[in-house]
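Report on one structure; see the data block that follows.
Throughout, numbering of the chain's residues begins at 1 and tracks the sequence.
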Amino acid sequence: MSSRLVGVGVGPGDPELVTVKGVNALRKADVVVVPVMDSGERGRAEATVLHYVPGEKVVRVVFALNERSDRGRREAAWDAAGARVAELLRAHDAVAFATIGDPNVYSTFTYLAQTIAELVPGTVVETVPGITAMQDLAARSGAVLTEGTEPLTLVPVTAGAAVLKDALAGPGTVVAYKFGRQAHEVAEALRETGRLADAVWGSALGLPEESVRSAAELDETPLPYLSTLIAPARREGGRGGKL
């Protein structure tokens, strides 16, 4: 029988936001792989997983999670991580990979699955959806993501502030991921497009150091890399105005 690699979304950090299906997938797997940076500190995925499975079942695998400038180093890290997970798949029937948020939304799991398809042909790849940071921030801040016919645009600010500004010029809600290092540029884009007043941002959602604030408070102070921003759509016409 083919081995199974299951990408499990474990949410943005709050252990209570892991789905029942996600918990079951973690517990049924023979081993649970968690991504760590080469510095070795415990990440959100690992901390969340340890609420549900014993530590001896968890395997830490190093990924170049924040490497964007050195493609060679990044791909070498992907190859090494893929080789380690391939070893586990050859030894076990089911391997789970825990990823923050959702495994199909800007997740390291995407690259791992592609690598495994080459290293261990025939591996069955599955995913279990997870709650995303934008959903959690919306719930914690009271921001409504979409109404009626409004579009929703998700932008990683690592693509550049210009991409964010183009999205903000549109009619719908804009969510920005990974904007912490460019908080000043994001504030300027919000101000220039008239979207600053209603926007909110958050970081470390569900964790003791959680911060949820108005985007009007953004300045040149660096924020955590995984900060999330919601700029709600402009809404006029009262209840149901966008239907």
Side-chain angles (χ1 to χ4, degrees), residues 9-22 44-45 47-48 51 99-107 129-158 161 163-243:
V10 296
D14 184 345
E16 293 186 348
L17 291 181
V18 184
T19 67
V20 174
K21 186 170 185 176
R44 293 190 196 179
T48 303
H51 280 265
T99 178
I100 59 171
D102 183 279
N104 294 304
V105 180
Y106 299 129
S107 171
I131 293 173
T132 61
M134 66 177 169
Q135 292 169 288
D136 196 13
L137 178 57
R140 294 176 187 277
S141 67
V144 176
L145 287 171
T146 55
E147 289 185 2
T149 58
E150 293 171 351
L152 173 65
T153 303
L154 176 59
V155 177
V157 180
T158 49
V163 177
L164 174 63
K165 190 178 294 185
D166 286 344
L168 289 169
T173 294
V174 176
V175 176
Y177 274 3
K178 305 176 183 178
F179 83 93
R181 296 174 184 169
Q182 295 172 272
H184 180 66
E185 292 89 338
V186 168
E188 286 299 312
L190 288 165
R191 190 172 292 109
E192 291 176 16
T193 55
R195 306 286 291 270
L196 183 64
D198 296 329
V200 295
W201 70 271
S203 63
L205 300 174
L207 303 177
E209 63 271 28
E210 173 184 286
S211 181
V212 176
R213 300 186 182 181
S214 167
E217 299 179 23
L218 289 172
D219 52 28
E220 297 186 12
T221 304
L223 301 177
Y225 174 72
L226 290 177
S227 296
T228 298
L229 174 99
I230 297 175
R234 299 179 180 90
R235 296 183 177 117
E236 300 174 355
R239 183 176 62 183
K242 292 294 184 70
L243 291 175

Nearest heavy-atom contact between Asp136 and Gly206 is OD2-N, 4.5 Å

State whether a side-chain donor-acceptor pair under 3.5 Å links Arg213 with Ser211.
yes

Please give me the minimum heavy-atom distance between Pro129 and Pro103, naming the atom from each residue.
CA-CD, 4.3 Å

Donor-acceptor pair, Arg44 side chain versus Pro12 backbone, under 3.5 Å?
yes

One should read off an interatomic distance between Ile230 CD1 and Leu137 CG, to the nearest 0.5 angstrom, of 4.0 Å

To the closest 0.5 Å, what do you measure between CD (Glu150) and OG1 (Thr173)?
5.0 Å

Of all the heavy-atom pairs spanning Ser227 and Ser203, show the shortest one and how long it is.
OG-CB, 3.6 Å

I'd like to check Ile100 versus Leu226 (side-chain heavy atoms, cut-off strictly below 4.5 Å). Are they in contact?
yes

Quick check: do Glu185 and Glu188 have side-chain heavy atoms less than 4.5 Å from each other?
no

The residue among Leu17, Asp14, Val18 that forms side-chain contact (heavy atoms from CB on, under 4.5 Å) with Thr48 is Val18

When you check the gap from the basic side-chain N to the acidic O, do Glu210 and Arg140 get nearer than 4.0 Å?
yes

Ser141 side chain vs Val200 backbone, donor-acceptor pair below 3.5 Å:
no

State, yes or no, whether a side-chain contact exists between Val105 and Leu154 at a heavy-atom distance under 4.5 Å.
yes

Give me the atom names and distance for the closest heavy-atom approach of Ala161 to Gln182.
N-NE2, 4.2 Å

Measure from the side-chain N and O atoms of Arg195 to the backbone N and O of Leu168, and report whether any donor-acceptor pair falls under 3.5 Å.
yes

Could you check whether any side-chain heavy atom of Thr158 comes within less than 4.5 Å of a side-chain heavy atom of Tyr106, counting everything from C-beta outward?
no

Note, Leu229 side chain near Val186 side chain (heavy atom, < 4.5 Å)
yes

Taking side chain as C-beta onward, heavy atoms only, is Leu223 less than 4.5 Å from Phe179?
yes

Can a side-chain donor-acceptor contact be found between Thr132 and Gln135 if the only test is distance below 3.5 angstrom?
yes

Using only atom types and a distance under 3.5 Å, with no angle test, would you say the side chain of Ser107 pairs donor to acceptor with the backbone of Asn104?
no

Apply the test side chain to side chain contact (heavy atoms under 4.5 Å, CB included) to residues Val10 and Thr99: give CA-CA distance (whole Å), side-chain angles for both, the deciding distance (0.1 Å), then the verdict.
CA-CA 6 Å; Val10 296; Thr99 178; over 6 Å; no

To the nearest 0.5 Å, what is the distance between CG (Leu190) and NZ (Lys165)?
10.5 Å

The reported gap from OH in Tyr225 to CZ in Arg181 (rounded to nearest 0.5 angstrom) is 6.0 Å

Heavy-atom closest contact (Thr193 atom, Ala169 atom, distance)
CG2-N, 4.4 Å

If you look at every heavy atom in Gly172 and Ala233, which pair is closest and at what distance?
C-CB, 3.6 Å

Is Glu16 atom CD crowded by more than 12 heavy atoms from other residues, nucleotides or ligands, each under 6.0 Å away?
no

Atom pair CG (Leu218) and NE2 (His184), whose distance is rounded to the nearest 0.5 Å:
10.5 Å

Is the shortest side-chain heavy-atom distance between Val155 and Tyr177 below 4.5 Å?
no

Check whether any side-chain heavy atom of Val212 sits under 4.5 Å from a side-chain heavy atom of Leu205, and report yes or no.
yes

